[in-house]
There are 2 protein chains.
Amino acid sequence: MSSGHFKQDLFAQFARVGKALSNGNRLELLEFLAQGEHSVDALAKVSGLSVANTSQHLQQLRQSGLVLSRKEGLKVHYRLSGEDVVELMSVLRRVAERHLADVQQLVQSYLTVKDELEPVPRDELLERVRDDLVTVLDVRPPEEYAAGHVPGAINVPLDELEAHLEQLDPGQEIVAYCRGPHCILAFEAVARLREKGIAAHRLEDGFPEWKAAGLPVDMAG
Amino acid sequence: MSSGHFKQDLFAQFARVGKALSNGNRLELLEFLAQGEHSVDALAKVSGLSVANTSQHLQQLRQSGLVLSRKEGLKVHYRLSGEDVVELMSVLRRVAERHLADVQQLVQSYLTVKDELEPVPRDELLERVRDDLVTVLDVRPPEEYAAGHVPGAINVPLDELEAHLEQLDPGQEIVAYCRGPHCILAFEAVARLREKGIAAHRLEDGFPEWKAAGLPVDMAG
DNA sequence: CTTTTATTCAAGTAATTTATTGAATAGTTG
DNA sequence: CAACTATTCAATAAATTACTTGAATAAAAG
C-alpha cells in the first residue's frame with residue numbers, strides 16, 4: 001500500500017476547500033450565507049451576479065463542503081455547513097490583512113476612521129449589554145437581523161439612522177455592528193453618530209463571528 | 001466615493017490567499033515550510049516537483065503573502081510569513097476533514113488505527129513532559145528536528161526506530177509526533193511500538209501546531 | 001392543463017492556471 | 001575568467017475556470 005500517494009491525495013482534497021476560497025464572488029456569497037440561510041435568487045440579487053452564475057458558484061461551494069442546501073417548494077435554500085466555516089473565513093481575512101499590503105491600503109482608504117473608532121471586543125460588549133450600559137445597533141437589513149442578532153440589539157438600517165436618532169438615549173454609549181469586521185455599514189453608522197456628538201463605537205467583528213464564538217443569539221422579534 | 005467597489009476589491013484580495021491554498025502541491029510546500037526555513041532545491045527534492053515548478057509555486061505563495069524569502073549566497077530560503085499561516089492551514093484541514101466525505105475516507109483507509117491511538121492533546125503532553133512521565137519521540141528527518149522540536153524530544157527517524165528500541169525505558173509511556181495531524185510517520189511509529197508491546201500514543205497534531213500555540217520549543221542540540 | 005417562477009443544465013468563449021522546457025541571471029569556486 | 005550551482009525567467013501546450021446564453025426541469029398558481 002504505497003502510502004506515497006496518500007499525502008498527495010489528502011492535500012488535493014484540502015485544495016478543494018482552497019479552490020472554493022479562491023474567487024472573490026464566492027467569498028462574498030459566503031459572507032452573505034454567514035448571516036443566515038438564503039435562496040439562490042436572494043443571493044444573486046445581493047451579489048449582483050446572474051442567477052445561473054450564482055447557482056454554479058453555490059454548487060461549487062457545496063461540492064467543497066462549505067455549504068449545504070435544502071429544497072422547499074420552488075426555492076433552494078443554501079446555508080453554511082457549520083460555524084467552522086465562519087472561523088475559516090475569519091482566519092483567511094486576518095492572514096490577508098496582516099500580510100498583504102494591498103489589503104492594508106484598501107482598509108486604510110475606505111475605513112479611514114478605523115483607528116479612531118476603538119472597536120469593542122466581543123466579550124466586553126457582552127458584559128456591558130448584561131449591565132445595560134450600552135445601546136447595541138444592528139445596522140444590517142431586517143431579514144438578516146430577523147435570522148439572528150445580538151441579544152438586545154435594535155435593528156436600524158443605515159438609511160433610517162437619522163429617523164431613529166431621537167429615540168436613542170443621548171447619554172448612553174452606542175455600539176454598532178453589521179456583517180463582519182470589514183463591513184462598511186457599522187463604520188458609517190459610527191461616523192454619523194459621532195458627527196452628532198453621540199458616543200459611538202464599533203463591535204470588533206460582525207454577527208457571524210459573534211455567533212461562531214458561541215455567544216448568545218436572539219431570533220426574529 | 002462609491003464604496004460599492006470596496007467590498008469587491010477586498011474580497012478579490014482575500015481570494016488571492018484562497019488561490020494560494022487552491023493547489024495541492026502548494027499546500028504540501030506550505031507544510032514543509034511549517035517545519036522551518038527551506039531552500040528552493042530542498043523543497044523541490046522533498047516535494048518531487050521540478051526546480052522551476054517549485055520556484056514558481058513559491059513565488060505565488062510569496063505574492064499571496066503566505067511566505068517570505070531571503071537570499072543567502074546562491075540559495076534563496078523561503079519561510080512562512082507568520083504563525084497565523086499555520087493556523088490557517090489547521091482550520092482549512094479541520095473544515096475539510098469535517099465536511100468532505102472523501103477526506104474522511106482517505107484518513108480511514110490510510111490511518112486506520114486512528115481511533116485506537118488515543119491522540120494526546122498538546123497541553124496534556126506539556127504537563128507530562130514537565131513531570132518526566134513520558135518519552136517524546138520526534139520521528140521527522142534530522143534537519144527538521146534541528147530547526148525546532150518539543151523540549152526533551154528524542155529524534156528517531158522512522159527507519160531507525162528498531163535500532164533505538166533498546167535505549168527506551170520499556171516501562172515509560174511514549175508519545176510520538178511529526179509534521180502535522182495527518183503525517184503518517186507518527187501513526188506508523190506508534191503502530192510499530194505497540195506491536196512490541198510498548199505503550200505508545202500519538203501527539204494530536206505535529207510540531208508546527210505546537211509552536212504556533214506558543215508552547216516552548218527547543219532548537220538544534 | 002397552461003403559465004409562471006426558481007433553479008439547474010449544457011454549450012461555448014475568453015481568460016487563467018499548471019507544468020514543461022530551455023535559456024538567462026547571479027553568485028561561487030577552481 | 002571559465003565552470004558550476006541555485007534560482008528565475010520566458011515561451012508553450014494542456015487543462016481548468018468564470019461567465020454568458022438559451023434550453024430544460026420541477027414545483028406552484030391560475
Side-chain angles (χ1 to χ4, degrees), chain A residues 5 7-9 11-30 32-33 37-79 143, chain B residues 5 7-9 11-30 32-33 37-79 143:
Chain A
H5 279 205
K7 193 160 49 161
Q8 301 210 333
D9 290 352
F11 280 124
Q13 292 300 321
F14 296 157
R16 287 172 63 191
V17 177
K19 277 209 180 75
L21 305 174
S22 72
N23 176 280
N25 289 328
R26 275 196 296 273
L27 291 178
E28 193 179 350
L29 291 172
L30 284 174
F32 283 121
L33 290 169
E37 211 181 46
H38 287 286
S39 68
V40 177
D41 76 329
L43 288 165
K45 277 198 190 76
V46 292
S47 66
L49 302 175
S50 75
V51 172
N53 196 9
T54 304
S55 172
Q56 284 172 36
H57 278 307
L58 290 169
Q59 283 172 71
Q60 269 188 268
L61 288 174
R62 187 172 48 200
Q63 279 160 22
S64 71
L66 298 187
V67 310
L68 298 170
S69 64
R70 168 180 75 84
K71 189 161 190 177
E72 189 183 62
L74 269 180
K75 299 197 173 181
V76 176
H77 299 276
Y78 283 84
R79 66 182 183 283
E143 316 88 66
Chain B
H5 279 204
K7 194 163 44 164
Q8 302 209 333
D9 290 351
F11 281 123
Q13 292 300 323
F14 296 156
R16 287 173 61 192
V17 178
K19 277 208 181 79
L21 306 174
S22 73
N23 176 282
N25 289 328
R26 276 195 297 273
L27 291 178
E28 192 179 350
L29 289 173
L30 283 174
F32 283 123
L33 289 170
E37 211 180 45
H38 285 287
S39 67
V40 177
D41 76 329
L43 289 164
K45 278 200 189 75
V46 292
S47 66
L49 302 175
S50 75
V51 173
N53 196 9
T54 303
S55 172
Q56 288 177 116
H57 278 306
L58 289 170
Q59 283 172 71
Q60 268 188 270
L61 289 173
R62 189 172 47 198
Q63 279 160 24
S64 71
L66 297 186
V67 311
L68 297 171
S69 64
R70 168 179 76 84
K71 188 160 189 177
E72 192 184 62
L74 269 179
K75 297 196 173 183
V76 177
H77 299 276
Y78 283 83
R79 65 181 183 282
E143 317 86 70

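Chain identifiers are assigned alphabetically (A, B, ...) following the order of the sequence lines, protein sequences preceding nucleic acid strands; residue numbering begins at 1 within each chain. This structure is a prediction, so every number in the text was calculated from the model and none was measured.
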Checklist outcome for this item: Within residues 19-29 of chain B, the residues having a heavy atom closer than 4.0 Å to DNA chain D are none

Checklist entry - In residues 47-59 of chain A, which ones come under 4.0 Å of DNA chain D, going by heavy atoms? => result A:Ser50, A:Ala52, A:Asn53, A:Gln56, A:His57

Checklist entry - Can you tell me how far P of D:dT16 sits from CZ of A:Arg16, to the nearest Å? => result 14 Å

How close do [X] and [Y] get, counting heavy atoms only, and between which atoms?
| X | Y | result |
| --- | --- | --- |
| A:Gly24 | B:Ala15 | N-CB, 3.5 Å |
| A:Ser69 | A:Val76 | CB-CG1, 3.9 Å |
| A:Ser64 | A:Ala20 | OG-CB, 3.3 Å |
| A:Lys75 | A:Ser39 | CD-CB, 4.1 Å |
| B:Tyr78 | B:Arg62 | OH-NH1, 3.5 Å |

Side-chain contact, heavy-atom cut-off 4.5 Å: [X] with [Y]?
| X | Y | answer |
| --- | --- | --- |
| A:Leu61 | A:Leu58 | yes |
| A:Thr54 | A:Ser47 | yes |
| B:Arg26 | B:Leu21 | no |

Item to check | Leading and trailing nucleotides of DNA chain C with any atom under 4.0 Å from heavy atoms of chain A | outcome: C:dT5 to C:dA10

Next on the checklist: So B:Glu72, base contact, sugar-phosphate only, or nothing? Heavy-atom distance under 4.0 Å.
Outcome noted: nothing

Checklist outcome for this item: Checking A:Arg79, A:His38, A:His77 against A:Leu33 for side chain to side chain contact (heavy atoms under 4.5 Å, CB included), the one that qualifies is A:His38

Checklist entry - Do the side-chain N and O atoms of B:Ser55 and B:Gln59 include a donor-acceptor pair separated by under 3.5 angstrom? => result yes

